[in-house]
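Chain A is the first sequence line, chain B the second, and so forth, proteins listed ahead of strands; every chain is numbered from 1.
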There are 2 protein chains.
Amino acid sequence: MTTIKDVAKLAGVSVATVSRAINQSGYVGVDSAQKIEKAIKKLDFHPSEVARSLYQKKSKLVGLLLPDISNPFFPLLAKGVEDKMNEAGYHLILGNVQEDMAKEQDYLKAFMQNNVAGILSAVDGGTSNLKEIPFVLLDRVATKKEYAVHGNDFEGGILAAKTIAEGSPKEIVLLVGPKSIKGSVERLKGSVSVFKEENLTYQLLQTDSFQFDSAKKASLELFEQFPKVDSVIASNDVHGLAILKEALRRGIKVPEELQIIGYDDIPFSQMVYPSLATIAQPAYEMGYKGAELLCRIMENQPIDKKIIQLPVLLKQRETLRKKE
Amino acid sequence: MTTIKDVAKLAGVSVATVSRAINQSGYVGVDSAQKIEKAIKKLDFHPSEVARSLYQKKSKLVGLLLPDISNPFFPLLAKGVEDKMNEAGYHLILGNVQEDMAKEQDYLKAFMQNNVAGILSAVDGGTSNLKEIPFVLLDRVATKKEYAVHGNDFEGGILAAKTIAEGSPKEIVLLVGPKSIKGSVERLKGSVSVFKEENLTYQLLQTDSFQFDSAKKASLELFEQFPKVDSVIASNDVHGLAILKEALRRGIKVPEELQIIGYDDIPFSQMVYPSLATIAQPAYEMGYKGAELLCRIMENQPIDKKIIQLPVLLKQRETLRKKE
DNA sequence: TTGAAAGCGCTAACAG
DNA sequence: CTGTTAGCGCTTTCAA
């Protein structure tokens with residue numbers, strides 16, 4: 001490993017000067033600068049981030065906590081985060097927290113031990129003692145965190161319900177995600193408000209999580225418990241797709257006999273036939289905006305909105321009955 | 001931030017003793033140990049990984065390079081890597097390299113600057129000057145790397161072709177992934193060997209990448225260029241699903257008029273109807289095994305197999321015509 | 001069994 | 001404009 005010392009020696013200057021040159025801080029003579037640049041090239045020198053962050057008590061790393069990387073919504077989110085962070089010169093420590101509180105704590109600890117400059121989290125667990133590390137919550141807004149970027153879940157719930165209402169539903173089933181997640185509750189509220197207004201009845205089916213196994217399970221339960229269901233609002237696209245598949249398997253015609261709407265708009269929702277209607281959340285943008293917000297916090301820039309709510313969007317697709 | 005010094009002071013010993021106690025290296029008196037433990041608890045002390053890795057010239061971080069995190073194959077791989085690495089006390093710096101050489105180099109540099117203990121990569125680019133950092137290649141085996149874990153692509157190609165051959169194919173189209181990726185070539189070879197043997201004709205359709213946009217494009221091209229196609233071997237499941245969707249959209253009966261087989265076995269392949277037959281690669285296991293191998297290298301343990309080839313497995317599903 | 005002290009590679013006063 | 005120097009928090013000889 002070549003160090004700043006080697007560069008200094010080769011360039012015939014002191015390490016301080018090299019440091020100044022690298023960081024463009026303080027004065028550096030023109031010829032010194034040239035000699036240093038040459039030496040750096042020659043030695044293929046890259047300053048140690050570790051040493052730098054030891055002194056600065058702040059690294060160029062930020063932590064990213066995800067609930068479930070195998071749900072395609074989150075890779076998109078992660079990509080948004082990654083792109084913005086890379087632009088700003090940061091790199092990510094990834095923490096995939098399978099809804100496991102212990103793992104979350106473990107990661108948070110690791111983040112601190114590595115002097116991360118900030119944390120982005122799409123996990124709603126007990127964010128406990130994060131002292132003063134800049135922290136931005138993504139997607140799932142917990143109790144009362146200061147900074148967050150999330151979709152307008154209430155509005156999403158309304159949109160989904162209104163859309164379903166237009167397909168002359170006789171028996172609606174509403175899948176509800178984990179109650180511990182605030183977004184689930186908001187969506188439910190939104191949908192229910194519509195049903196109340198339109199005097200529609202509905203049934204609830206609680207799901208354990210947003211994950212695959214839960215989706216499969218829910219799709220079986222659905223038809224068992226509600227054999228006459230003709231309209232489903234799924235808690236996310238993974239669930240929506242599972243239900244779509246199960247319906248087709250049973251020979252139920254979609255959307256004639258069963259209409260389905262999902263949530264998220266993951267890429268696969270367009271890759272099935274009939275394509276899954278859904279409420280789109282801008283996952284990539286959410287990540288990107290969250291990262292932007294984090295950058296502002298880290299750089300002590302003025303912040304106009306501490307909580308950014310992104311609009312959701314109805315994607316009319318083939319699992320929807322036409323308006324009468 | 002509380003430091004080892006604070007602990008030492010509170011425990012009434014020297015920092016050296018605290019260090020020994022933490023790392024269980026060297027002698028520590030019983031009562032010293034107790035006092036230290038108490039002090040650590042009381043101060044909620046977590047040793048700085050940054051300082052440790054500065055001295056050791058090795059951090060508890062490992063780099064993970066992925067070609068495309070939005071392809072569900074890779075999150076699974078990543079999860080395998082993450083699980084094993086966490087068990088071994090490591091954390092991941094994630095690098096999502098959208099088939100972009102510059103980004104890859106950038107990440108590699110960042111990995112070095114952070115003193116990563118090792119690198120796992122599913123990207124086949126120019127791994128250039130990695131000095132002596134332990135390095136394991138995943139999935140896509142490049143030229144002649146020393147350590148790697150990958151699926152048996154040749155065998156996979158054979159399996160796919162044999163399976164298709166059993167469905168009395170009249171017109172076979174074989175989608176070929178990027179030629180720069182060795183796996184694509186191997187699979188092609190495997191499939192072709194079967195067709196030769198069985199005296200079957202086939203057409204090739206080259207695809208640009210393994211990603212979504214490419215899949216959509218390929219699905220359109222396929223039916224345009226080969227309107228009479230009745231059997232498809234897709235370059236991966238994303239492509240397989242895209243073709244399945246397009247076929248259904250066109251009213252083509254699957255599998256009666258068109259049989260399809262994919263590659264990878266991503267979770268969504270089971271979540272469509274008809275479910276997509278595929279050659280399963282054990283993504284999670286591949287990640288896990290790769291991480292295991294890396295750990296062995298990092299700890300200088302003896303290594304029995306430098307290149308681990310994982311078996312692939314045929315998943316008979318509903319997009320396949322029955323044997324006559 | 002323990003502590004003093006010398007770094008790991010870099011940055012930031014502070015003199016010159 | 002530049003160099004000297006004192007750390008950042010931790011580990012590890014080397015004496016005691």
Side-chain angles (χ1 to χ4, degrees), chain A residues 1-37 39-40 43-61 89 109-117 131, chain B residues 1-37 39-40 43-61 89 109-117 131-133:
Chain A
M1 191 58 190
T2 99
T3 75
I4 197 173
K5 231 170 164 175
D6 304 320
V7 176
K9 202 182 296 173
L10 184 59
V13 298
S14 76
V15 292
T17 305
V18 177
S19 176
R20 279 185 219 111
I22 293 172
N23 302 296
Q24 315 189 18
S25 64
Y27 297 101
V28 177
V30 183
D31 50 337
S32 286
Q34 260 171 14
K35 283 187 289 184
I36 289 170
E37 197 184 356
I40 288 180
L43 296 171
D44 188 33
F45 167 73
H46 303 295
S48 159
E49 263 308 313
V50 175
R52 207 194 56 80
S53 47
L54 178 58
Y55 187 91
Q56 311 274 263
K57 301 184 173 189
K58 214 174 253 301
S59 73
K60 281 298 201 176
L61 261 15
K109 181 177 148 194
F111 290 168
M112 312 238 29
Q113 292 182 301
N114 283 285
N115 286 358
V116 295
K131 315 196 179 179
Chain B
M1 192 59 187
T2 97
T3 76
I4 198 174
K5 230 170 165 176
D6 303 320
V7 176
K9 201 182 297 172
L10 184 58
V13 297
S14 76
V15 293
T17 306
V18 177
S19 176
R20 281 187 217 107
I22 293 172
N23 301 297
Q24 315 190 18
S25 64
Y27 296 101
V28 177
V30 184
D31 49 339
S32 285
Q34 261 171 13
K35 282 188 290 184
I36 290 169
E37 196 185 355
I40 288 180
L43 296 172
D44 188 32
F45 167 73
H46 303 296
S48 160
E49 264 308 313
V50 175
R52 205 194 56 80
S53 48
L54 177 59
Y55 189 92
Q56 312 274 262
K57 301 184 173 188
K58 213 173 253 303
S59 73
K60 281 298 200 176
L61 261 15
K109 180 177 147 194
F111 290 168
M112 314 237 27
Q113 293 183 300
N114 284 283
N115 285 0
V116 295
K131 316 200 178 177
E132 35 245 71
I133 298 187

Task: Under 4.0 Å protein heavy-atom contact, by nucleotide of nucleotides 8-16 of chain C - B base, S sugar-phosphate only - done: BBSBBB---
Determine the minimum heavy-atom distance between [X] and [Y], stating which atoms define it.
X: B:Met1; Y: B:His46; answer: CE-O, 3.7 Å
X: A:Ser48; Y: A:Ala51; answer: OG-N, 3.0 Å
X: A:Thr3; Y: A:Phe45; answer: C-CE1, 3.5 Å

Specify the separation, in whole Å, of atom [atom1] of [X] and atom [atom2] of [N].
X: B:Leu43; N: D:dG9; atom1: CG; atom2: P; result: 14 Å
X: B:Lys60; N: D:dC10; atom1: NZ; atom2: C1'; result: 15 Å
X: B:Ile36; N: C:dG3; atom1: CD1; atom2: C1'; result: 12 Å
X: B:Asp6; N: D:dC8; atom1: CG; atom2: P; result: 11 Å

Table please: side-chain donor-acceptor pairs of residues 8-24 of chain A below 3.5 Å, with sequence neighbours left out.
| residue | atom | partner | partner atom | Å |
| --- | --- | --- | --- | --- |
| A:Ser14 | OG | A:Ala16 | N | 3.4 |
| A:Ser14 | OG | A:Thr17 | N | 3.4 |
| A:Ser14 | OG | A:Thr17 | OG1 | 3.3 |
| A:Ser19 | OG | A:Asn23 | ND2 | 3.4 |
| A:Asn23 | ND2 | A:Ser19 | O | 2.8 |

- [ ] Working to the nearest 0.5 Å, report the span between CG of A:Leu43 and CD1 of A:Ile4.
- [x]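 Between atom CG of A:Leu43 and atom CD1 of A:Ile4 there are 12.0 Å.
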Task: D:dT2 OP1/OP2 closer than 4.0 Å to side-chain N/O of A:Ser32 - done: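 Answer is yes, contact under 4.0 Å.
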- [ ] Ignoring backbone atoms, establish whether B:Ser14 has a side-chain N or O less than 4.0 Å from OP1 or OP2 of C:dA4.
- [x]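 So the side-chain polar atoms of B:Ser14 never come under 4.0 Å of the phosphate oxygens OP1 or OP2 of C:dA4.
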Expected list for residues 110-117 of chain B: side-chain donor-acceptor pairs under 3.5 angstrom, two or more places apart:
| residue | atom | partner | partner atom | Å |
| --- | --- | --- | --- | --- |
| B:Gln113 | NE2 | A:Pro47 | O | 3.2 |
| B:Asn114 | ND2 | B:Ala110 | O | 2.9 |
| B:Asn115 | ND2 | B:Ser53 | O | 3.4 |

